[in-house]
Amino acid sequence: ALCPQELRSGCFWRGVLAEAAATLIFVGVVLGASAAPGPLATALAGGLVTGVLACTLGAPQANPALTLALLCTRKLGALRGAAGLLAQCAGAVLASAAARLALPDDASLVTRVSVPIPVPVPVPTFATFQLALAAFATAARAAPQGGLALGSAVAAGALAVGPFSGGSMNPARSLGPAVVTGIWDDHWVSWRHPWVPPRDPNVGMG
């Protein structure tokens, strides 16, 4: 149900700001690392920044797939979820615009499918599932342990998925570069992840 009173809450806006900031930082770091050859730099950058964000910003979702899952399972209010999604997408677009100005090759920003469809669909689905599993399992853990587990899951998933679909387990990471470059080839693959019902709204990234 919609609760307009939420809009008057400082906690509401702090949460929205945390989603925008976390997604901006995550996407910016990952896109910066994408300038390096091979998937290792991107995977390590994504894993490390995920761990840092989990320890410093209160484990924001920073991932539209998880936010949509929370909305569908009514673990998150409609206004909070919608505002979070908009904040995540805005953060990703801003980070992508900055990366486009800094990096010489626009094409390196975009996640691409490198094997025939439908192979890229189950592979990122599996990677996103293991990330969600790690996020749910660490929701009640202290920040250092939870950050380490989430960062490791992001790095492992990116390394596994990289050769097939660019290593993205986060639709915002794929949306931002697509918006700023206008390259939408196979973009739908990035949104075809399982919406695993979360048990806690404080899970995310990837």
Taking distance alone, no hydrogens or angles, what donor-acceptor pairs closer than 3.5 Å link side-chain atoms of residues 22-36 to residues at least two apart or in another chain?
residue	atom	partner	partner atom	Å
Thr23	OG1	Glu19	O	2.7
Ser34	OG	Leu31	O	2.5

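- In terms of the side-chain contact (heavy atoms from CB on, under 4.5 Å) criterion, residue partners of Leu7 (sequence neighbours excluded) are, by chain and number, Phe12, Trp13, Leu79.
- Asn63 approaches Pro171 most closely through the heavy-atom pair OD1-CD, 3.3 Å.
- Residue pairs meeting the salt bridge (Lys or Arg N to Asp or Glu O under 4.0 Å) criterion with at least one member in residues 33-42: none, sequence neighbours excluded.
- Taking each heavy atom of Leu57 and Ala18 in turn, the nearest pair found is CD1-O, 4.3 Å.
- With sequence neighbours left out, the side-chain hydrogen bond (donor to acceptor under 3.5 Å, both in side chains) criterion links Arg80 to no other residue.
- The side-chain contact (heavy atoms from CB on, under 4.5 Å) search around Ala160 returns none, not counting sequence neighbours.
- Counting heavy atoms from C-beta on, the side chains of Trp184 and Leu175 come closer than 4.5 Å.
- Residues Leu68 and Leu85 share a closest heavy-atom pair of CD2-CD1, 3.6 Å.
- In this structure, Ala87 and Val16 approach most closely via the heavy-atom pair CB-O, 3.5 Å.
- Of all non-hydrogen atoms in Leu109 and Ala99, the two that sit nearest each other are CD2-CB, 4.0 Å.
- The nearest pair of heavy atoms linking Leu131 to Ala153 is CD1-CB, 4.0 Å.
- Residues that satisfy the side-chain contact (heavy atoms from CB on, under 4.5 Å) test with Val180, not counting sequence neighbours, are Val93, Ser96, Ala97, Arg100.
- Expressed to the nearest 0.5 Å, how far CD of Gln61 lies from CG of Asn170 amounts to 11.0 Å.
- Rounding to the nearest 0.5 Å places OG of Ser152 at 9.0 Å from CG of Leu48.
- When the side-chain contact (heavy atoms from CB on, under 4.5 Å) test is applied to Leu86, no partner is found at least two apart in sequence or on another chain.
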